[in-house]
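Just below is one structure, and these are the notes that go with it.
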Amino acid sequence: MFYNLLNFPLESNVPNRIQHLDVILNNYQPDIFAVCELNNESGANAILQVLQDKVSEQFRMPTFSLNTSDDEIGNQNDLQNLIFYNSSKFILESQDIVQTIYRDFNHYKLKLNSINQDSNPLYLDVIVCHLKASNGVNNQALRLEMVQDLTTYLNTFPANSQILLAGDFNVYTHTEAAFQELLDVTNHIVLADPANRTGSWHNNTNYIDMFTQSTRTQTGLGGSTGGFDDRFDLILTSSNMLSNSNISYVTNSYQAYGNNGNINCYNNEIKDEACAGADFSYNIREALYYFSDHLPVTLQLKTNETLLNIQPNTQESLQIIGTNMIESILEIKINNPSYHTKKLNIFNTLGQEVKSVPVGSSNKISMDVSTLSKGIYYLTLPNTNVQPLKFVKTN
């Protein structure tokens with residue numbers, strides 16, 4: 001699933017927006033959740049907690065990073081990309097940034113957590129983007145320049161790489177130069193629209209089932225209004241994934257999530273009766289309406305490989321809540337009641353104990369580590385078989 005989060009969590013016209021995202025993620029239950037318009041690490045941690053609570057305890061996220069691209073044409077440092085992934089199915093191998101004139105592309109290399117991962121590793125390269133918005137020749141040129149930077153980056157990849165490019169593309173038609181650049185058959189790696197619905201999307205009801213914006217006509221909620229008339233949000237795959245048996249696209253699985261394909265929905269709000277249909281209930285469409293001015297897009301992947309037998313609901317005895325890149329507060333989840341009489345100890349890389357706190361009766365503990373110096377630390381639970389947890393104090 002890819003989702004434009006609409007300035008989450010700073011956009012506050014709709015109070016407590018996370019409750020609506022909770023409904024959406026609990027219903028779809030993705031294994032990879034890619035996002036744009038994420039404002040800060042606090043928002044990332046809140047989303048990770050929802051995924052761990054409602055989808056799988058095994059959800060993790062990469063290191064949160066701020067936009068690094070040149071922002072001479074607009075301050076984009078509050079709009080970040082990120083993914084969240086089910087670590088029972090995927091292992092994060094690396095993350096990288098592709099700088100452009102406007103906003104970063106964020107690249108996350110995942111390895112399938114299969115029984116043959118050592119002898120026959122299978123990788124999925126997930127790239128998240130948010131291209132320059134708005135119509136007009138100048139904005140189209142900026143989108144093309146951004147995409148050309150990605151093409152150059154992809155030239156360094158193995159030709160058989162399996163790639164997902166997920167994002168808010170902000171293109172109004174498939175003929176726009178930026179979109180054509182991605183699908184160019186002469187590229188080292190050729191991308192494809194797995195939905196096979198390329199065309200002139202804007203205000204064209206022949207593509208009503210692909211529309212992702214806007215979920216709203218009412219003003220005052222944040223984001224764009226105008227109703228349902230654009231296909232801005234897409235997930236593209238490398239063309240080999242349309243037939244590759246290692247990791248491949250499941251035919252006809254692509255969806256604009258929340259879109260019932262009802263032609264009466266054109267220029268209306270997603271929660272309106274005009275947008276009703278068999279696939280998505282009013283409750284789901286209402287949650288989508290209040291959370292963002294975009295709809296998510298989803299697809300399914302399949303593999304012939306056998307995954308390791310890790311049960312999604314297996315709870316680790318000791319967990320760091322959210323990222324392990326800590327500024328001041330380290331939050332810990334205790335899943336074994338027998339540990340409530342013990343103490344949590346923090347050691348530095350020299351093996352020196354720098355902090356100790358009792359576990360107590362709560363299954364969640366907040367530890368203030370603001371006084372620790374920058375660096376790597378290890379959290380331990382003495383006299384147990386629990387493996388130490390590593391975290392990084394960032395400032």
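Under the 30°/60° scheme for interplanar angles, the aromatic rings of Y257 and F280 are found to stand perpendicular. Note on ring orientation: taking the six-membered ring where Trp is involved, the planes of Y377 and F391 are parallel (angle under 30°, cut-offs 30° and 60°).
Every pair passing side-chain hydrogen bond (donor to acceptor under 3.5 Å, both in side chains) that includes a residue from residues 296-308 is listed here, sequence neighbours excluded: N116-E305. The stretch residues 114-125 participates, sequence neighbours left out, in these salt bridge (charged side-chain N to carboxylate O under 4.0 Å, His left out) pairs: K109-D125. Residues in residues 145-175 take part in no disulfide bond (SG atoms under 2.5 Å apart) pair, two or more places apart or across chains. For residues 157-254, the set of pairs meeting the disulfide bond (SG atoms under 2.5 Å apart) definition, not counting sequence neighbours, is empty. Within the structure, every pair that satisfies the side-chain hydrogen bond (donor to acceptor under 3.5 Å, both in side chains) test and touches residues 141-150, not counting sequence neighbours, is listed here: R143-E176. Here disulfide bond (SG atoms under 2.5 Å apart) pairs that include residues 100-185, with residues two or more places apart or in two chains, number zero. Residue pairs meeting the disulfide bond (SG atoms under 2.5 Å apart) criterion with at least one member in residues 146-202, sequence neighbours excluded, do not occur.
Listed by chain and number, the hydrophobic cluster partners of F347 come to none, as no ILVMFWY side chain reaches under 4.5 Å of it.
Summarising the geometry of S161 relative to N240, their closest heavy-atom pair is O-ND2, 3.2 Å, with the distance given to 0.1 Å.
Exactly one residue among L150, N106, L164 makes a side chain to side chain contact (heavy atoms under 4.5 Å, CB included) with I127. That residue is L150. Just one of Q52, E57, Q319 meets the side chain to side chain donor-acceptor pair (under 3.5 Å) condition when paired with K333; it is E57.
One side chain, N13 or E11, offers a donor N or O that lies under 3.5 Å from an acceptor on the other.
Taking the six-membered ring wherever Trp is involved, the centroid distance between the rings of F179 and H174 does not fall below 6.0 Å.
A 4.5 Å side-chain heavy-atom check between T217 and D272 finds every atom pair outside the cut-off.
With sequence neighbours excluded, the residues that form a ring-ring contact (aromatic ring centres under 6.0 Å, His included) with F157 are H107, Y153. Scanning for ring-ring contact (aromatic ring centres under 6.0 Å, His included) contacts around F291 gives Y3, F8, with sequence neighbours left out. Taking the disulfide bond (SG atoms under 2.5 Å apart) definition, one finds that C265 meets it with C275, sequence neighbours left out. Take I376 and apply the side-chain contact (heavy atoms from CB on, under 4.5 Å) test, not counting sequence neighbours, and it matches T349, Y378, K390, V392.
For the pair K132 and D168, the salt-bridge criterion is not met [side-chain N within less than 4.0 Å of a carboxylate O].
Heavy atoms from other residues, nucleotides or ligands lying under 6.0 Å from CG of N196 number 12 at most.
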